[in-house]
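Everything below concerns the one structure shown next.
All heavy atoms count here, side chains included; hydrogens, waters and symmetry mates do not. Whatever order the structure lists them in is the order used to number ligands and atoms, beginning at 1.
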Amino acid sequence: MMKSNVAEILKSGTVLQEIALKGWVRTFRSNRFIALNDGSTINNIQCVIDFENTSEETLKRITTGAAISIKGTLAESQGKGQSVEIQVSEIEILGDSNADEYPIQPKKHSFEFLRENAHLRVRTNTFSAVMRVRSKLSFAVHKYFQDNGFNYVNTPIVTGTDAEGAGEMFRVTSFEDNKAPVTEDGEIDYSKDFFGKETSLTVSGQLEAETYAMALGKVYTFGPTFRAENSNTTRHLAEFWMIEPEVAFMDLDGNMDLSEDFIKSVLNYVLEHCKDDLAFLDQRLAQEEKSKPQAERSDMNLIDKLKFVVDNNFKRVSYTEAFDILRNSKPNKKKKFQFPINEWGVDLQSEHERYLVEKHFKCPVILFDYPANIKAFYMRLNDDGKTVRAMDVLFPGIGEMVGGAQREERYDVLVEKMKAMNIDEKELWWYLDLRKFGTAVHSGFGLGFERLVQFTTGMGNIRDVIPFPRTPQNAEF
Ligand code: 4AD
Ligand code: MG
C-alpha cells in the first residue's frame, strides 16, 4: 500500500504493487471496468472488477459519481487506452450517486448548464483541469515574487477609500434594513455605523501597498477585489483576485520590465508543471475552434500561444503611436469601430485594444503614456503636462491583462491633481504623508488573476475560471 493517488500511481507505473485508492466513478461499463478519478490528475485509472465475486447489489451501486474505495494490484493493461490498470480484489461503496438524478452525466454538457451546477462542475475534465492550473498559477505567482525579494502584504478588504476613483464600490454596513440613522440634512449618518464612517469592499489594494513599498522596498498583494460595475462581459467579474506588486525606486520602464518578466515566468511554470492538464485544454480548445467559421479560427493552438508569449518580446507602444495606428486603420476608415478614433485623448475601447494586439502587432502589447484625463489620479504627470506614466498590458483574446503606472511622488503635483479630480484630500491624508516623508519614485501594477487563468487555459468566459463567479444578478453558492 505505497502510492496514495492516481497521479502518483500512473507516474510510477510499477506493476504488481498493492494499491489502495479512493475516488469517484466516472464511468462503469460491461459490469467490469471502472474509470476512477480522484482529482489528482486529469487521467482516470481503469479498475477491473472481478464481477463473478462481486455481489449484484454492489455492482448496481457502481454508478457515475459514486465515491468508492478499492484495493487491488497494479497490472499491465490488456485493453487499449491505458498502459496499466488495477485488478480489484476489494471494493467498498462509500457514497452512492443516484444515476437518475446526478446532473453530471458522462457526456458533453454546455458551460451554461455547468455554471448552474457550479458545485458539481469541477467533477468534469475541463473544470478540474482549469482549477488545477489555477492553483499552480497562484503558486507560481507567490514563487516569482518570493524568489525575487518581494514581501507579501495583505491589504484591507474593507476600506473607506475608492482607490480607482470610479465609484464602483459595494457598501459595507451593519445598519439594519430601513433603520439607518439620518443626519439633520436627511443623509444616512455613517458616523453611527460600525466603523464610524462610510466603508466599502476594496477595488484595489494599491494605495495601501504603496505605504508598504515605501518601507519594505518591494511588496506584492494577491487578494480578492470587488467592483460594482454592471459589465456583463466574458472578461468582467464583480469579485476577482488581483495581483499588485509595488516597488520603491522603480520607474515606468522598470515596471514594464517587471510585468513582462513576471507573466513569462508564471506561464513558464505552468508549461512545465501542468503538462497533462494543458494538453487536455489544448485539445478542448481545438475542438471548440473547429465549430467556428474559418475566418474566426485562431491559427495557433493553446500551448503554441503560451510558448509564443514566453519566447517573444512584448511590443511597447505609446498611446500617441497607438492612436495614430488606430486612426489610420482600415476598420476606422471604413467606420467599422463602434467608437470611432478621431481625436487624441479618447479612451481606448476593447475593440481598439484587440485590433492592436490581434490584427496589427499580433503579440502582447504594452501601451504607455496615456492622456492624463482618462486615467486615475495617482499616476505621474509627464513633462508635457497632458500625459501620465500609465501602462496597460494587452493580450490577444483577453484585452487588458494589466493596468499600472509610475506613481505621482511629488506632493504639490499630487494635491493639484486630486483637487482637479475631486478626490478628498482629507480622506487620503495618509497617502499624502508618503509624499511628505521620504518620498521617492515608485511604480506598480495590477494584474487580474482570472484574466491570466483565462489566457492560460484558453477558456472563453471568465466565469469558467473562478470556482463560484459573482456577476450582476448572480451570487449563487
Ligand atoms: O486597471 P485596474 O483597474 O487597475 C487598478 O486597480 C490599479 N490600482 C492596479 C495597480 O496599479 N496596482 O485593474 C487592474 C487589472 C486589470 O488590468 C484587469 O486585468 C483586472 O484588474 N480587472 C478585472 N478583472 C476581472 N473583472 C473585473 N471587473 C476587472 N476589473 C479589472
Ligand atoms: Mg485598467
Q: Would you mind running through ligand 1 and noting each atom that sits below 4.0 Å from a heavy atom of Gly403?
A: 1 (O), 9 (C), 10 (C), 11 (O), 17 (O)
Q | salt_bridge(Arg134, Glu450) N-O dist < 4.0 Å | A | yes
**Q.** Donor + acceptor pair across side chains of Gln406, Tyr378 (<3.5 Å)
**A.** no
Q | Heavy-atom nearest neighbour in the protein, as seen from atom 6 (O) of ligand 1, with distance rounded to 0.1 Å | A | Arg227 NH2, 2.8 Å
Q) Does some non-hydrogen atom of Ala163 fall short of 4.0 Å from ligand 1? A) no
Q) Between the side chains of Glu210 and His442, does any donor sit under 3.5 Å from an acceptor? A) yes
Q.
Given Glu246, which partner from the list Gln206, Glu208, Lys218 fulfils the side-chain contact (heavy atoms from CB on, under 4.5 Å) test?
A. Gln206
Q.
Quick test of your reading of the model: are Lys11 and Asp276 salt-bridged, counting only N-O distances below 4.0 Å?
A. no
Q. Closer than 2.8 Å to the Mg ion (ligand 2), do we get an N, O or S atom from Asp392, backbone or side chain?
A. no
**Q.** Test side chain to side chain donor-acceptor pair (under 3.5 Å) applied to Thr41 and Asn37, Asn44, Asn43, the passing residue
**A.** Asn43
(Q) Among the N, O or S atoms of Glu400, which one sits nearest to the Mg ion (ligand 2)? (A) OE2
Q.
Does only the side chain of Asp392 get under 4.0 Å from ligand 1, or the backbone, or both, or neither? Count heavy atoms.
A. neither
Q: Please report the C-alpha distance between Arg297 and Glu288 in whole Å, then the side-chain angles of each, then the deciding distance to 0.1 Å, and finally whether the salt bridge (charged side-chain N to carboxylate O under 4.0 Å, His left out) criterion is met.
A: CA-CA 9 Å; Arg297 285 185 207 166; Glu288 191 180 89; over 6 Å; no
Q. Quick one: do the Gln105 and Thr64 side chains pair a donor with an acceptor below 3.5 Å?
A. no
Q) With a 4.0 Å cut-off on heavy atoms, is Glu246 touching ligand 1? A) no
**Q.** Option among Asp251, Asp369, Asp253 that satisfies the salt bridge (Lys or Arg N to Asp or Glu O under 4.0 Å) test with Arg389
**A.** Asp369
Q: Could you tell me whether ligand 1 has any atom less than 4.0 Å away from a heavy atom of Phe449?
A: no
Q.
When you measure from the heavy atoms of Arg407 to every atom of ligand 1, does any distance fall below 4.0 Å?
A. yes
Q | Basic-acidic side-chain contact under 4.0 Å: Asp392, Lys375 | A | yes
Q. With a 4.0 Å heavy-atom cut-off (strictly under), which part of Arg235 contacts ligand 1: side chain, backbone, both or neither?
A. backbone
**Q.** Side chains of Trp430 and Thr211, donor plus acceptor under 3.5 Å
**A.** no
Q.
Is there a polar contact, in the sense of an N or O pair closer than 3.5 Å, between Val203 and ligand 1?
A. no
(Q) Is it the case that over 12 heavy atoms from other parts of the model lie below 6.0 angstrom from the CZ atom of Phe468? (A) yes
Q. Which heavy atom of the protein is the closest neighbour of atom 15 (C) of ligand 1, given with residue, atom name and distance?
A. Gly446 O, 3.6 Å
Q) Hey, is ligand 1 close enough to Leu237 that some N/O pair sits below 3.5 Å? A) yes
Q: Would you tell me which option among Trp241, Tyr378, Phe240, Phe395 has the nearest heavy-atom contact to atom 29 (C) of ligand 1?
A: Phe240
Q) Any N/O of Met401 closer than 3.5 Å to an N/O of ligand 1? A) yes
Q) Would one find an N or O of His236, backbone or side chain, under 3.5 Å from an N or O of ligand 1? A) no
Q. Tell me, which protein residue and heavy-atom name are nearest atom 4 (O) of ligand 1, and how many Å apart are they?
A. Glu164 OE1, 3.9 Å
Q | Reference residue Glu408; test side-chain contact (heavy atoms from CB on, under 4.5 Å); the match among Glu416, Lys417, Met379, Arg380 | A | Arg380
Q) Are Asn232 and Thr471 close enough that a side-chain donor and a side-chain acceptor fall under 3.5 Å? A) no
Q) Out of curiosity, is Arg451 lining ligand 1, as in a heavy atom under 4.0 Å away? A) yes
Q. In terms of side-chain heavy atoms, does Arg284 have a donor or acceptor partner in Asn125 at a distance below 3.5 Å?
A. no
**Q.** Closest protein heavy atom (residue, atom, distance) for atom 20 (C) of ligand 1
**A.** Gly448 CA, 3.6 Å
Q) Nearest protein heavy-atom contact for atom 17 (O) of ligand 1: which residue, which atom, what distance? A) Glu400 OE2, 2.6 Å
Q.
Within the 4.0 Å heavy-atom shell around Ser204, which atoms of ligand 1 are there?
A. 6 (O), 8 (N)
Q: For atom 12 (N) of ligand 1, grab the closest protein heavy atom and report residue, atom and distance to one decimal in Å.
A: Glu244 OE2, 2.7 Å
Q: Check ligand 1 against Gly404 and write out every atom of the ligand that is under 4.0 Å from a heavy-atom position of the residue.
A: 11 (O)
Q) Which of the atoms of ligand 1 are close to Val402, meaning less than 4.0 Å from one of its heavy atoms? A) 17 (O)
Q: Between Tyr220 and ligand 1, find which residue part has any heavy-atom pair under 4.0 Å and reply side chain, backbone, both or neither.
A: neither
Q) Which one holds for Phe445 and ligand 1: side chain close, backbone close, both close, or neither close, with close meaning a heavy atom under 4.0 Å? A) backbone
